[in-house]
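A note on names: the letters A, B, ... follow the listed sequences, proteins ahead of strands, and every chain is numbered from 1.
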Amino acid sequence: MNPPPFEQRNPYKGSPPRPWVRLRLEAPSGSIEELEVVADTGNPFTLILGTAAMSRLQVRNAPTRTSNFGLLRGGWFRLAMPDFGLVMSVLGYASDAVLTAVKASSPDFEGLAGLPLFRMVEYGGDADWFWIRPAAGHP
Amino acid sequence: MTRVVLDAELRSKLQGLTGPVELCDESGKVVARVLPVPDGRSAGLSGETAMPSEHDDQAAFRRLKPLIDQSYERGRFVAIFEGEIVADAASFEELEQLLRQKGKDSRQVLVIQAGVDYSEYAIILTQEARA
């Protein structure tokens with residue numbers, strides 16, 4: 001029997017309940033930080049964090065842009081999740097308005113992961129759980 | 001650039017300039033955006049405020065964007081610092097290496113990809129936007 005594929009499986013959390021994932025990001029200092037972020041395939045950006053997290057984790061600056069949450073500050077972040085094949089720099093944003101919105105559901109949440117992130121893995125959910133797995137072809 | 005002196009009424013309309021403000025016309029169309037400058041921190045500006053070089057590089061990015069899109073292959077990574085293009089490479093990791101070699105270690109170096117539209121208004125669905 002084959003072992004089950006590696007996956008991260010999380011019960012919905014918050015009020016209202018939200019699907020979420022735990023991301024690992026590498027700070028410029030080389031330290032690794034884990035953040036719980038809401039999984040939102042309606043978000044067109046890989047990652048949106050609060051400005052405080054951005055100031056700790058941003059590797060390089062990126063263009064600012066506007067959204068229905070107001071201005072989003074751009075920055076490049078380093079994903080450090082080799083189990084999922086996610087060891088790369090990604091363009092993300094910071095918005096305290098978005099942070100406030102996700103924290104209204106649960107104070108544990110530190111941001112919002114979007115469709116570009118989930119397209120790099122396999123993702124799914126059922127009545128109780130949301131999960132991600134490495135993309136097919138990832139060893 | 002035109003300079004406008006803030007009186008109490010205008011400052012109040014701009015919500016004390018405690019963060020970025022959009023100026024709209026009567027129809028709700030955004031006609032301008034105002035970003036507080038860091039030395040306004042004494043007036044209570046938040047950590048969202050950008051550093052001066054960051055402001056400069058955001059402006060430089062908007063100025064250089066047409067040239068970058070014309071001169072560099074689509075998707076190529078281009079770094080802007082202190083108003084100038086300082087490096088370019090095929091991947092982010094190669095660009096990082098080049099920037100380190102040039103001693104450009106600042107996290108404020110602005111990195112873009114040629115041909116990517118960063119100006120498009122983004123809608124973040126399924127979350128409630130602020131009022």
Side-chain angles (χ1 to χ4, degrees), chain A residues 16 18-19 27-29 38-45 47-48 50-79 87-91 93-105 109 111-115, chain B residues 18-22 30 33-36 46-51 53-62 64-65 68 77-81 86-87 91-96 99-100 104-113 116-131:
Chain A
R18 303 278 192 193
S29 63
V38 171
D40 182 359
T41 55
N43 165 21
F45 302 122
L47 182 62
I48 304 175
T51 53
M54 174 183 246
S55 65
R56 296 192 306 272
L57 296 166
Q58 176 186 302
V59 177
R60 300 287 186 186
N61 201 1
T64 295
R65 65 189 304 164
T66 54
S67 75
N68 55 326
F69 279 82
L71 280 179
L72 304 175
R73 283 187 59 192
W76 292 87
F77 298 92
R78 275 202 196 101
L79 283 172
V87 180
M88 62 186 72
S89 299
V90 293
L91 176 61
Y93 292 91
S95 162
D96 286 337
V98 171
L99 183 66
T100 299
V102 296
K103 280 194 178 293
S105 186
F109 295 143
L112 198 61
L115 187 60
Chain B
T18 55
V21 177
E22 289 182 341
V30 176
R33 295 189 178 89
V34 180
L35 289 172
S46 72
E48 258 183 277
T49 307
M51 298 302 289
S53 63
E54 189 178 343
H55 276 308
D56 294 347
D57 289 336
Q58 294 283 346
F61 155 69
R62 288 190 290 274
L64 294 167
K65 178 85 168 74
I68 290 170
F77 290 81
V78 179
I80 299 169
F81 189 54
V86 292
S91 71
F92 190 93
E93 287 66 31
E94 282 178 49
L95 186 69
E96 279 288 282
L99 288 169
R100 279 196 293 271
K104 308 286 186 195
D105 291 327
S106 169
R107 294 161 65 188
Q108 299 307 325
V109 172
L110 189 144
V111 175
I112 67 156
Q113 282 187 276
V116 173
D117 181 6
Y118 296 96
S119 65
E120 195 178 334
Y121 183 85
I123 302 289
I124 300 163
L125 298 176
T126 76
Q127 298 284 321
E128 283 182 30
R130 64 184 173 186

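Remark: K104(B) pairs with no residue by the salt bridge (Lys or Arg N to Asp or Glu O under 4.0 Å) rule, at least two apart or across chains. Applying the side-chain contact (heavy atoms from CB on, under 4.5 Å) criterion to L115(A), with sequence neighbours excluded, gives T41(A), R119(A), Y123(A).
Interface remark: Q113(B) contributes side-chain atoms only to the contact with chain A (heavy atom separation under 4.5 Å). In this structure, the portions of Y118(B) lying under 4.5 Å from any heavy atom of chain A include both its backbone and its side chain. Only the side chain of P28(A) comes within contact range of chain B, judged by heavy atoms closer than 4.5 Å.
Relative ring orientation between Y93(A) and F45(A) is described as tilted, the plane-to-plane angle lying within the 30° to 60° band.
With rounding to the nearest 0.5 Å, the separation of CG in N43(A) from CD1 in I123(B) is 12.0 Å.
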